[in-house]
Number of protein chains: 2
Amino acid sequence: FIKLRNIVKVYGSGQNSFLALKGIDLDINAGEFVALMGPSGSGKSTMANILGCLDKATKGSYLFNGVDVFSLNRNETALLRRNYIGFIFQGFNLLARTTALENVELPLLYRGMPKKERRKKAREALDMVGLLEWEKHTSAQLSGGQQQRVAIARAIASNPLFLLADEPTGNLDTKRSVEIMEILSNLNKDLGITILMVTHEPDMAKYATREVHFRDGEVNKVEAVIK
Amino acid sequence: FIKLRNIVKVYGSGQNSFLALKGIDLDINAGEFVALMGPSGSGKSTMANILGCLDKATKGSYLFNGVDVFSLNRNETALLRRNYIGFIFQGFNLLARTTALENVELPLLYRGMPKKERRKKAREALDMVGLLEWEKHTSAQLSGGQQQRVAIARAIASNPLFLLADEPTGNLDTKRSVEIMEILSNLNKDLGITILMVTHEPDMAKYATREVHFRDGEVNKVEAVIK
Ligand SMILES: Nc1ncnc2c1ncn2[C@@H]1O[C@H](COP(=O)(O)OP(=O)(O)OP(=O)(O)O)[C@@H](O)[C@H]1O
Ligand SMILES: Nc1ncnc2c1ncn2[C@@H]1O[C@H](COP(=O)(O)OP(=O)(O)OP(=O)(O)O)[C@@H](O)[C@H]1O
Ligand SMILES: [Mg+2]
Ligand SMILES: [Mg+2]
């Protein structure tokens, strides 16, 4: 399903260049739930952004369902992302001055879903994360953990083929974190959605079917987690 | 040192009003390290913003070192905050397109510290959080956990009398989180800095001398933590 070969990522150039990924090989099979772990600054978000087709590698190749992602132009990449990928950002990335409901509807709007269906699906997703009563609040009128949950609802509302979650529970209390992990685990088991989740919390990684550990821009080890 | 009586906070007005704090009484003695815990949306950041003189309550009184905070005008409040309070934001709140070093220097600049001393203090704080090599990176060139650590360095560089930390370890791996907790614990024990830390991680709350638990805008329980 997903094949990464020799992925290198350099930020900046010349004097200011920073080598964030030093040649990553990674395979992800359809239906897996991978936990990507590692110290702060080890390259997890950089990897997630490349897998989510939000950023290109400096070198290497990325096959997504047989498609050579780095050979696509900007429009084709946006289309691939829009139709098949859901992304939960580490910094939430909600639109300011936009309500929680409108934020969750956005990816469905891009897919051309009619308004009535879009609104229904968005409300279902907000309800799953416990925020239906807050649908009219804008990002500035939500707590940190509530913004994170809106970002989660936005990514799952469209049932993407491949869901990337970058630290989805960093701002949540334990009870809410377990609720989110159960939602992701059910999406993976019941709907077969392939998931890559970045996390630094071992308790959350337990919900995954495999762990990959990064250190300083390289794969440190891969653990098959026996379920 | 700090006395809160009957603190009520309502966001918005009329139809759109939201009662976030329902009458909080809280005393904090000089030199305490209080952990403020509770579910997502229970009012912790709202409380921290009022204690940090970043926001005013709708009702109630706040005595800071004998000063009636809500009777101060904007300038006097800004002066109190600038000279006595350090704040680590849940969303980091770093200045974009500004280097890590400049971000940490900012509170020292506001206090009128001369450039040479300011630069030295800022570098010491960045070194404490492990980011001296990243001093020229701007916020966009830093990982989530690195931005969080710059926000921590910025708040501690000026050795404030009262330090507020809103979820300071949400984006950090366990090793970095423990390092930050040891820095805060040492600031509290060695320099007598009073700390209020919002956290949802029980392992981090263990470093505090007292726990206060919120639920739905009210104090749920106060636990004296025996050290
Ligand atoms: N500007 C605002 N307008 C309306 N409601 C708001 C506003 N800011 C916060 N709220 C609401 O007030 C409540 C408390 O928010 P607060 O940010 O204090 O929670 P919190 O305990 O810090 O949560 P978290 O752990 O998720 O960060 C939340 O339900 C939130 O939706
Ligand atoms: N635009 C950029 N320019 C220069 N360096 C960058 C840029 N973006 C990230 N970096 C650096 O690349 C490294 C990896 O960053 P990345 O965000 O992938 O880490 P991470 O594993 O997600 O960390 P965290 O757990 O703290 O979120 C970091 O050292 C960071 O400073
Ligand atoms: Mg990251
Ligand atoms: Mg908060």
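As the structure is a computational prediction, the values presented were derived from the model and not from experiment. Here is the naming used below: chain letters follow the sequence lines, and residue numbers restart at 1 for every chain.
When K44(B), Q147(B), R149(B), K175(B) are compared by the number of non-hydrogen pairs under 4.5 Å with chain A, R149(B) comes out ahead. Counting heavy-atom pairs closer than 4.5 Å to chain A, the top residue among P39(B), P202(B), S45(B), G12(B) is P39(B).
Heavy atoms of T46(B) lying under 4.5 Å from chain A are absent altogether.
Applying side-chain contact (heavy atoms from CB on, under 4.5 Å) to S40(A) and the options L131(B), L142(B), N171(B), D173(B) leaves one that passes, D173(B).
To the nearest 0.5 Å, atom CG of residue D203(A) and atom CD of residue E201(B) are 10.5 Å apart. Put simply, CG on L172(B) and CD on E167(A) are 9.0 Å apart, with the number rounded to the nearest 0.5 Å. The line from CZ of R176(A) to NE2 of H200(B) is 13.0 Å long, rounded to the nearest 0.5 Å.
Contacts with chain A (heavy atom to heavy atom, under 4.5 Å) involve no residue of residues 96-107 of chain B.
Taking the six-membered ring where the residue is Trp, H137(A) and F18(B) present perpendicular rings, their angle passing 60° and hence far from 30°.
Heavy-atom contacts from other residues, nucleotides or ligands closer than 6.0 Å to CG of N16(A) number 12 or fewer. Open room surrounds CZ on R215(A); 12 or fewer heavy atoms of other groups in view lie less than 6.0 Å from it.
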